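Notes for the one structure printed next.
Being a predicted model, the structure only gives us computed values, none of them experimental.
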Amino acid sequence: MRLERALTRDELPAYWAERHSLFTLERVELSAVEQLDSVGLAFLVQWSQALAAEGKTLTLSSPPASFYPLADLYGVGSLFELTDNPCGSKNGSE
């Protein structure tokens, strides 16, 4: 699945309406997402937790640069499998 809208507070209602179908997906492409704020990160955390309840992991492909400092700040980087990580760390939050 490729997300193309910003992951921000303003977009959360639209994403929340889609959560039942989104939260079943284990991989999401974020290269087109230009903005991500703490609300968007919280949405990704909830998505990850929904999958974790089933023993699965959410893989984020090409998250925006804003993901990394927020994930570090909130200590949630280990909840995700990251690919195309420009920071070079294995989980984006070290």
Side-chain angles (χ1 to χ4, degrees):
M1 161 64 74
R2 178 181 167 102
L3 300 185
E4 298 189 359
R5 297 186 315 262
L7 276 163
T8 61
R9 185 178 79 176
D10 293 340
E11 293 291 336
L12 183 65
Y15 280 117
W16 193 250
E18 299 174 33
R19 74 187 180 281
H20 296 295
S21 61
L22 290 175
F23 285 12
T24 64
L25 304 172
E26 295 178 55
R27 183 178 189 88
V28 61
E29 167 66 43
L30 299 175
S31 63
V33 174
E34 295 182 5
Q35 295 179 340
L36 181 138
D37 64 12
S38 59
V39 173
L41 180 63
F43 181 77
L44 291 175
V45 167
Q46 288 183 317
W47 187 341
S48 175
Q49 290 173 330
L51 286 172
E54 299 175 10
K56 301 174 184 174
T57 302
L58 179 59
T59 298
L60 304 179
S61 180
S62 302
S66 57
F67 169 84
Y68 299 98
L70 286 173
D72 285 342
L73 177 66
Y74 294 109
V76 297
S78 63
L79 298 177
F80 309 100
E81 181 72 30
L82 302 175
T83 63
D84 299 328
N85 181 346
C87 294
S89 68
K90 65 179 179 179
N91 66 12
S93 179
E94 307 206 317

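Here the CG-CG distance, from D10 to L12, works out to 9.5 Å after rounding to the nearest 0.5 Å.
Among residue pairs with one or both ends in residues 12-22, those qualifying as side-chain hydrogen bond (donor to acceptor under 3.5 Å, both in side chains) are R5-E18; sequence neighbours excluded.
L79 is not listed as a side-chain neighbour of Y74, based on a closest heavy-atom distance of 4.5 Å or more.
Take R2 and apply the side-chain contact (heavy atoms from CB on, under 4.5 Å) test, not counting sequence neighbours, and it matches E4, E29, S31, A32.
The side chain to side chain contact (heavy atoms under 4.5 Å, CB included) test with L30 is passed by exactly one of S61, P64, S62: P64.
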Side-chain donor-acceptor pairs under 3.5 Å in residues 33-45, sequence neighbours left out?
unit_1: D37; atom_1: OD1; unit_2: V39; atom_2: N; d: 3.0
unit_1: D37; atom_1: OD1; unit_2: G40; atom_2: N; d: 2.9
unit_1: D37; atom_1: OD2; unit_2: R9; atom_2: N; d: 3.0

Would you be so kind as to tabulate the donor-acceptor pairs closer than 3.5 Å made by side chains of residues 51-59, with sequence neighbours excluded?
unit_1: E54; atom_1: OE1; unit_2: K56; atom_2: NZ; d: 3.4

